[in-house]
Novice: 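One structure coming up, written as structure tokens, with questions to follow.
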Protein chains: 2
Amino acid sequence: MLSERQMMILRAVVRDFTNTGVPVGSKTLAKQLPIHVSSATIRNELAALEEQGLIEKTHSSSGRIPSGEGYRYYVDHLVKPDPLRPNDMDVIQSSLGGDFHKIDEIISQSATILSNLTSYTAFTLKPELKNSRLSGFRLVPLGKRQVMAILVTDSGDVENQTFDVNETVTGDQLEAVVRLINDQLVGLTLPEVLQKLQADIPMKIANYLQSPEGFLDIFGDVLTRAAQERFYVGGRLNLLNFSQDSDVDSLKSLYSLIDKTDDIANVLGQPSDKISVQIGNEMTNDALRNFSLITATYDVNQHGKGMIAILGPTRMPYSRMLGIVGAFREELAKKLLDYYRFYDE
Amino acid sequence: MLSERQMMILRAVVRDFTNTGVPVGSKTLAKQLPIHVSSATIRNELAALEEQGLIEKTHSSSGRIPSGEGYRYYVDHLVKPDPLRPNDMDVIQSSLGGDFHKIDEIISQSATILSNLTSYTAFTLKPELKNSRLSGFRLVPLGKRQVMAILVTDSGDVENQTFDVNETVTGDQLEAVVRLINDQLVGLTLPEVLQKLQADIPMKIANYLQSPEGFLDIFGDVLTRAAQERFYVGGRLNLLNFSQDSDVDSLKSLYSLIDKTDDIANVLGQPSDKISVQIGNEMTNDALRNFSLITATYDVNQHGKGMIAILGPTRMPYSRMLGIVGAFREELAKKLLDYYRFYDE
DNA sequence: CTTAGCACTTGTGATGTTTGAGTGCTAAAA
DNA sequence: TTTTAGCACTCAAACATCACAAGTGCTAAG
């Protein structure tokens with residue numbers, strides 16, 4: 001249990017350290033704090049906080065820095081989101097104000113805005129399409145030998161892929177295949193479709209095409225892409241600013257991490273309605289030891305919930321970041337509701 | 001003019017330095033060289049080479065490293081491409097051996113292979129589509145309010161984009177627009193189309209749609225994308241290995257460089273049939289000072305010429321790299337000819 | 001419980017010192 | 001004329017030394 005004063009001191013330690021990056025000592029604190037007690041008193045309190053594992057020294061006679069647990073305590077009990085700077089709000093509203101023709105543009109743009117505001121790396125995910133169903137499949141012939149496969153889900157997602165067919169395949173055959181797929185698969189969820197694709201579909205298709213493998217590849221491909229959640233990433237390069245001692249290897253693993261959708265999903269974890277903060281040492285992934293992750297959902301009513309996140313150094317100004325994330329999720333939700341409203345009616 | 005012996009020495013300096021990264025001194029050279037002369041003799045020759053600006057010292061009593069001009073002389077007169085390692089050839093053939101359904105897949109895969117072989121960053125560009133012409137345009141309705149715009153060129157490139165329309169637009173109207181575009185614009189080169197798009201098309205479209213702007217945006221967008229050469233980049237992360245003293249800023253500008261198609265095109269320069277090497281100091285871009293660029297075209301007969309390139313530190317083993325690039329361009333050309341042959345007939 | 005005071009610790013940065021690899025030059029040998 | 005041995009000189013890099021500033025814990029008095 002912490003006393004009022006200890007909380008005040010812990011808060012000051014975190015604040016000062018996240019601002020300056022320098023371990024903070026008793027004298028500095030004595031000057032900064034609203035109460036006036038001597039540095040010796042502070043030292044005693046610091047010793048107590050260290051006892052509880054909330055702060056630590058970088059060497060035996062250094063000032064204190066927050067430990068992982070210290071950050072945890074801070075974000076759980078002490079931090080208060082900063083109100084957004086007026087300028088930041090302008091940035092958000094003007095960047096989101098334009099005319100968009102696709103949800104994905106809005107979501108991708110959001111990642112950029114967030115990374116600009118924070119100068120960290122940002123992730124965005126569009127409203128969930130977990131249980132979306134296949135609502136249509138097309139094969140559009142484009143020329144002598146090119147065909148585009150288009151897949152549409154009931155949540156409005158579209159995946160497509162062009163491929164070349166050799167000319168032994170006729171338009172009739174393609175049409176038969178399309179009809180087959182639309183008859184048998186439309187209405188199923190994407191995982192179900194994938195499963196059927198392994199099972200009975202190949203045989204049925206073999207009735208129309210002599211070598212269905214190529215086609216099944218394509219269809220499977222488009223399907224997996226559609227079934228996969230796609231994260232947009234903004235401000236990739238900002239990671240470079242925080243690779244302390246420029247450890248190339250950890251940078252590389254960081255980058256391969258954020259380029260794999262599955263890994264990101266893993267790291268971001270399950271969405272919760274609260275804004276959540278993960279401190280570096282709490283994350284399983286070693287490359288993230290010195291980073292923290294702030295994630296939040298945004299709620300677009302009947303259109304589901306999406307997710308935004310920022311990844312920055314553990315030593316980040318949490319109050320400001322929480323303010324930004326909090327405000328942004330609201331604005332994004334508003335924008336999307338607007339967007340849907342326009343097209344719904 | 002260089003004597004035989006000076007050439008031999010210059011070659012040895014470049015080779016040794018590119019291998020070890022350490023400035024090379026007279027004694028080392030005396031041991032390494034096939035002729036046996038004393039280190040003092042070598043010193044005299046080194047002084048002569050330095051006189052001509054081909055090598056330089058890092059400080060007044062250091063060994064020598066090649067200057068920009070030295071590298072230039074080396075690649076122009078002294079280097080001989082290494083034959084490919086058998087293992088490398090296996091890698092190429094197996095990576096290129098698979099079944100591809102699109103040219104773009106082959107070209108993109110090529111960038112990856114090249115970067116793996118060299119452990120540098122690689123660029124690939126598909127056979128040129130400079131003068132390709134618009135050969136078709138479609139609007140495919142996908143659902144209540146989604147439409148996909150598809151544009152096809154006579155060189156087989158396809159660009160597409162999905163967008164939402166509000167429901168006041170009818171299928172008939174869309175069809176009219178498509179007909180208009182196909183009537184007026186098919187057969188023109190893409191730049192011509194772009195130009196017409198600025199001029200008389202908007203008025204004509206206004207006959208069918210009350211607010212054509214959104215649509216023109218989309219069409220323009222797809223069109224510019226199609227008109228633009230697209231470079232594939234492989235091994236981005238390898239750049240991290242060579243950011244000496246981990247200069248974050250130059251790394252950032254490097255990355256923003258390779259993510260802008262226009263900039264890459266600029267840097268790679270005009271294709272020539274010979275394999276060409278650009279040494280860091282010869283390139284206008286400051287971020288590339290410590291890099292060299294090897295570019296080569298590959299020739300797919302009537303299907304035009306494409307380009308491959310690798311970007312690595314100026315201090316790279318040129319003979320090996322030239323060998324790899326030389327072999328790869330051949331293999332890639334073969335693969336593409338195969339690919340076209342299959343679909344041509 | 002708070003505080004002044006003091007001895008103690010440690011990173012940092014400035015200043016030498018040593019070492020080793022390298023150079024240019026000179027004068028003799030080939 | 002070219003090559004070579006020899007020598008004095010230079011410089012980066014590694015290491016040691018030192019002073020100092022910022023910090024600590026502890027003790028004893030307020």
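Since we're looking at a predicted model, the values are computed, not measured. Order of the sequence lines sets the chain letters (A, B, ...), proteins ahead of strands, with each chain counted from 1.
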Novice: In this structure, how many angstroms lie between the P atom of C/dG24 and the CD atom of B/Glu56, rounded?
Specialist: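 So the two atoms are 14 Å apart, to the nearest Å.
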
Novice: Using atom NZ of B/Lys31 as one end and atom P of C/dG22 as the other, report the distance to the nearest whole Å.
Specialist: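 Whole-Å distance recorded here is 8 Å.
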
Novice: When the distance from CD of B/Gln6 to P of D/dT3 is rounded to whole Å, what number comes out?
Specialist: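 It works out to 11 Å between those atoms.
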
Novice: Using a 4.0 Å heavy-atom cut-off to protein, can you give one letter per nucleotide of nucleotides 2-16 of chain C, 5' to 3': B if the base is in contact, S if only the sugar-phosphate is, - if neither?
Specialist: SBBB---BBS-----

Novice: Within a reach of under 6.0 Å around NZ of B/Lys252, are more than 12 heavy atoms found that belong to other residues, nucleotides or ligands?
Specialist: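 More than 12 within 6.0 Å, yes.
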
Novice: Is it the case that the side chains of A/Ser292 and A/Tyr318 hold a donor-acceptor pair, with the cut-off being a distance below 3.5 Å and no angle test?
Specialist: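 A donor-acceptor contact under 3.5 Å links the two side chains.
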
Novice: Would you call the rings of B/Phe231 and B/Phe123 parallel, tilted or perpendicular, taking 30° and 60° as the class edges?
Specialist: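 Perpendicular, since the angle between the ring planes exceeds 60°.
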
Novice: Just do the salt bridge (charged side-chain N to carboxylate O under 4.0 Å, His left out) check on B/Arg320 and B/Asp88 with the steps written out, would you?
Specialist: CA-CA 11 Å; B/Arg320 187 163 128 68; B/Asp88 286 349; 3.1 Å; yes

Novice: Separation of B/Leu49 atom CG from C/dG22 atom C1', in whole Å?
Specialist: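 To the nearest whole Å, that distance equals 17 Å.
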
Novice: Rounded to the nearest angstrom, tell me the gap between atom CD1 in B/Ile55 and atom P in C/dG24.
Specialist: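 So the two atoms are 9 Å apart, to the nearest Å.
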
Novice: Could you give the CD1-to-P distance, from A/Ile35 to C/dC1, as a whole number of Å?
Specialist: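 My rounded result for the distance is 15 Å.
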
Novice: Checking all strands, does A/Lys57 fall into the base, sugar-phosphate, or nothing category for heavy-atom contacts under 4.0 angstrom?
Specialist: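 The residue A/Lys57 makes sugar-phosphate contact but no base contact.
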
Novice: Ring centroids only, cut at 6.0 angstrom: are A/Tyr120 and A/Phe242 within range, meaning strictly under it?
Specialist: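 Yes, close enough.
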
Novice: Quick one: B/Leu46 CG to C/dA21 C1', roughly how many Å, whole number?
Specialist: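 Taking CG of B/Leu46 and C1' of C/dA21, I get 14 Å after rounding.
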
Novice: Atom CD1 of B/Ile42 to atom P of D/dT4: distance rounded to whole Å?
Specialist: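 Distance check: B/Ile42 CD1 to D/dT4 P gives 9 Å.
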
Novice: Could you go through A/Arg64 and A/Glu56, starting from their C-alpha distance and side-chain angles, then the distance that decides it, and tell me whether this counts as salt bridge (charged side-chain N to carboxylate O under 4.0 Å, His left out)?
Specialist: CA-CA 5 Å; A/Arg64 304 306 213 289; A/Glu56 53 196 26; over 6 Å; no

